[in-house]
**Student:** 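Starting off with a structure, shown below.
Keep in mind it's a predicted model, so treat the numbers as computed, not measured.
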Amino acid sequence: MTGKTVVVLGGGTGGIVAANSLRANLGREHRVVLVEKNALHTFAPSFLWLMTGARRRAQITRDLRVLVRRGVDVVCAEITALDLDGRRVETTGPSLSFDFLVVALGAELAPEAVPGLADADTFYTLEGAEKLNLALSRFAGGTAIVLVSAMPYKCPGAPHEAAMLIADTLRRRGLEGRAEIHVYTPEPQPMPVAGPELGEAVKRMLASMRISFHPLHKLASVDAKSRSLVFEGRPPVQYDLLAVVPPHRGPKLLRAAGLANESGWAPVDRSTLRTKRENVYAIGDATTIAIPGRWKPDVPMMLPKAGVFAHAQGEIVAQRIAADIEGLSCHARFAGMGYCALEAGDGVAGFADGDFFAEPSPKVRLRKMGRTWHLGRFMFEQWWLSPFGLKRELLRLALQAGGKTLGIPMTL
């Protein structure tokens with residue numbers, strides 16, 4: 001059999017899982033290439049812990065090469081162009097030809113899309129989380145705001161986690177009575193894609209920590225000089241500490257290659273993750289997948305952008321490509337199952353899980369808050385950041401400790 005080359009673009013959650021699963025499912029005559037511009041992988045789910053000082057940069061970063069299986073070729077270079085007709089990927093390093101392509105480029109942050117927002121600190125980047133940690137350490141009281149600037153955005157639970165972790169941090173510093181914490185968002189409720197029942201449950205979590213939730217606030221601009229937020233059709237809001245979720249957009253490369261829709265995201269078949277181009281798949285945050293239910297009568301809901309979905313999609317795509325190369329049938333389908341841990345501080349977390357493809361609308365429930373869910377998140381962080389050679393043993397220990405019941409998607 002002539003060897004095939006599978007190129008995976010992007011070394012985030014979906015890209016790493018796809019590359020590792022492809023290598024496990026394909027013979028050595030086939031090549032698996034992972035292209036990522038950053039040689040140092042950062043574990044984004046822990047940015048919130050970095051913000052509060054529970055983590056340091058070195059604890060949540062790893063050399064990308066230690067996280068992949070032996071036999072995965074890692075190319076650390078920036079992608080400059082996709083030639084889908086010629087089946088080539090142009091980079092600042094080598095030019096790569098492919099037989100199959102997996103696009104896992106994630107979502108780009110675009111703070112410049114809102115006037116004044118570019119200078120605000122965000123917990124969606126490593127550097128931003130470190131700046132917020134410094135700002136929190138200097139905060140002596142006043143109004144702290146977690147701001148969702150636009151939709152869609154990665155990890156729908158993150159803003160609410162951020163607010164609760166900020167509240168817990170200030171409480172531990174003895175500032176509980178000297179600070180007000182608010183969440184402002186253009187959404188009608190917390191995590192609206194998961195349904196009104198879960199939204200109400202999250203609002204109760206926020207209220208229990210004296211966090212005010214302000215829905216339907218569409219941001220127009222930020223005035224850093226006066227420390228005020230300007231919303232459309234509403235009076236300005238003053239702040240002393242600001243943590244933002246910046247606007248997100250689809251990767252420019254997808255638009256240039258003709259893989260994106262008018263919104264900038266890559267449409268894919270929701271079960272197979274195929275794009276409109278033969279042998280080209282897209283997974284994770286760069287994609288757009290319609291799910292049952294509607295925001296408005298003419299506006300369908302879309303699958304949330306979250307690492308848990310990218311993880312599952314990476315495995316499905318790898319199985320389907322391997323079967324295609326080997327000439328075998330494959331019944332693997334992405335089923336839309338997902339979950340989200342909601343950190344509340346003090347070693348406690350909530351846990352939401354469910355079926356996002358359920359009819360007539362997603363069925364998601366929020367479990368009772370407890371230390372078990374925090375433990376599960378900690379275990380997954382440690383497993384993910386471990387060198388690949390240690391993962392099998394850590395997986396065995398985690399499952400013995402009850403990992404199967406913690407909702408941990410640990411696979412090899």
Side-chain angles (χ1 to χ4, degrees), residues 42 44-60 109 111 114-149 153-155 157-185 190 202-203 205-215 217 219 221-231 234-247 342-350 374 377:
T42 59
S46 293
F47 286 169
L48 289 171
W49 286 340
L50 185 66
M51 177 187 73
T52 63
R55 293 290 185 276
R56 300 184 306 277
R57 175 184 289 242
Q59 291 176 293
I60 62 172
L109 303 182
V114 177
L117 192 66
D119 295 327
D121 294 330
T122 177
F123 46 88
Y124 271 71
T125 67
L126 189 72
E127 294 77 13
E130 288 179 325
K131 288 180 180 179
L132 279 170
N133 175 243
L134 181 60
L136 269 174
S137 69
R138 295 174 174 175
F139 184 70
T143 300
I145 291 178
V146 176
L147 171 68
V148 178
S149 61
Y153 59 91
K154 297 182 289 185
C155 191
H160 316 297
E161 287 185 275
M164 290 188 288
L165 289 174
I166 288 172
D168 179 64
T169 299
L170 298 181
R171 178 190 60 78
R172 286 187 283 106
R173 290 184 53 211
L175 297 173
E176 187 174 18
R178 295 163 58 186
E180 293 182 358
I181 303 172
H182 301 261
V183 176
Y184 285 87
T185 178
V202 174
K203 283 199 285 187
M205 290 176 66
L206 295 174
S208 71
M209 301 185 73
R210 299 181 181 178
I211 298 167
S212 300
F213 179 74
H214 306 272
H217 278 69
L219 183 68
S221 64
V222 178
D223 188 336
K225 187 175 182 179
S226 65
R227 292 196 169 200
S228 63
L229 306 176
V230 179
F231 297 100
R234 296 179 181 272
V237 175
Q238 304 294 130
Y239 65 86
D240 298 291
L241 176 74
L242 180 63
V244 308
V245 179
L342 292 169
E343 287 289 315
D346 197 28
V348 173
H374 171 75
R377 185 160 178 166

**Student:** Less than 4.5 Å apart, any side-chain heavy atom of L136 and any of L241?
**Tutor:**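 Side-chain contact under 4.5 Å: yes.
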
**Student:** Distance from E127 atom CD to K131 atom NZ, nearest 0.5 Å?
**Tutor:**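 One gets 8.0 Å once the value is rounded to the nearest 0.5 Å.
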
**Student:** Do F123 and E161 have side chains that approach each other closer than 4.5 Å (heavy atoms only, starting at C-beta)?
**Tutor:**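 The answer is no; the side chains never approach within 4.5 Å.
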
**Student:** Give me the atom names and distance for the closest heavy-atom approach of N133 to T52.
**Tutor:**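 Nearest pair, atom of N133 first, then T52: ND2-C, 3.5 Å.
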
**Student:** Are M51 and I166 side-chain neighbours, meaning at least one heavy-atom pair lies under 4.5 Å?
**Tutor:**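 Yes, side chains in contact.
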
**Student:** In the structure I gave you, are the side-chain heavy atoms of L170 and I181 within less than 4.5 Å of one another anywhere?
**Tutor:**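 In short, these two side chains touch, coming nearer than 4.5 Å.
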
**Student:** How far apart are the closest heavy atoms of F139 and A179, and which atoms are they?
**Tutor:**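 Minimum heavy-atom separation between F139 and A179: CE2-CB, 3.8 Å.
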
**Student:** To check you understand the geometry: which heavy-atom pair defines the closest contact between P247 and P111, and what is its length?
**Tutor:**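 Minimum heavy-atom contact is CD-CA, 3.9 Å.
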
**Student:** Are F213 and H160 packed together at the side-chain level, in the sense that at least one heavy-atom pair is separated by less than 4.5 angstrom?
**Tutor:**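 Yes, their side chains come closer than 4.5 Å.
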
**Student:** Could you walk me through whether T125 and T42 pass the side chain to side chain contact (heavy atoms under 4.5 Å, CB included) check?
**Tutor:** CA-CA 9 Å; T125 67; T42 59; over 6 Å; no

**Student:** Give the minimum heavy-atom separation between R57 and L50, together with the two atoms involved.
**Tutor:**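 Minimum heavy-atom contact is N-CD1, 3.7 Å.
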
**Student:** Going by side chain to side chain contact (heavy atoms under 4.5 Å, CB included), D223 matches just one of P115, P236, S228. Which one?
**Tutor:**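 With D223 as partner, P115, P236, S228 yield a single side chain to side chain contact (heavy atoms under 4.5 Å, CB included), made by S228.
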
**Student:** Check whether any side-chain heavy atom of L126 sits under 4.5 Å from a side-chain heavy atom of I60, and report yes or no.
**Tutor:**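 A side-chain contact under 4.5 Å exists here.
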
**Student:** How close do L175 and A140 get, counting heavy atoms only, and between which atoms?
**Tutor:**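 So the minimum-distance heavy-atom pair works out to CD2-O, 3.7 Å.
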
**Student:** Mind listing the closest non-hydrogen atom pair of S149 and L219 along with its distance?
**Tutor:**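 Answer, listing the atom of S149 first, then L219: CB-CD2, 3.8 Å.
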
**Student:** Could you state the interatomic distance from CG (D346) to CG (D168), rounded to the nearest 0.5 Å?
**Tutor:**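 Between atom CG of D346 and atom CG of D168 there are 5.5 Å.
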
**Student:** Does any N or O in the side chain of D240 come within less than 3.5 Å of the main-chain N or O of T143, such that one atom is a donor and the other an acceptor?
**Tutor:**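 Checking the backbone N and O of T143 against the side chain of D240, a donor-acceptor pair under 3.5 Å is found.
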
**Student:** Taking I145's backbone N and O only, do any of them form a donor-acceptor pair with E180's side chain (distance below 3.5 Å, no angle check)?
**Tutor:**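 Not at all, since once roles are kept as given, no pair shorter than 3.5 Å links the two residues.
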
**Student:** Less than 4.5 Å apart, any side-chain heavy atom of Q59 and any of W49?
**Tutor:**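 Side-chain contact under 4.5 Å: no.
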
**Student:** Any donor-acceptor pair under 3.5 Å linking the side chain of T185 with the backbone of P215?
**Tutor:**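 No; zero donor-acceptor contacts below 3.5 Å.
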
**Student:** CE of M164 to CZ of R171: how many Å apart, nearest 0.5 Å?
**Tutor:**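 One finds 13.5 Å between CE of M164 and CZ of R171.
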
**Student:** Tell me whether the rings of H214 and Y184 are parallel (<30°), tilted (30 to 60°) or perpendicular (>60°).
**Tutor:**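 Ring orientation, 0 to 90° scale: parallel.
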
**Student:** Are the side chains of E343 and L48 in touch, meaning some heavy atoms are under 4.5 Å apart?
**Tutor:**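 When only atoms from C-beta onward are counted, L48 and E343 do not touch, as no gap falls below 4.5 Å.
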
**Student:** Would L132 and F47 satisfy side chain to side chain contact (heavy atoms under 4.5 Å, CB included), going step by step from the backbone distance to the final call?
**Tutor:** CA-CA 10 Å; L132 279 170; F47 286 169; over 6 Å; no

**Student:** Does atom CZ (R210) have a neighbourhood of more than 12 heavy atoms from anything else shown, all under 6.0 Å?
**Tutor:**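 No.
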
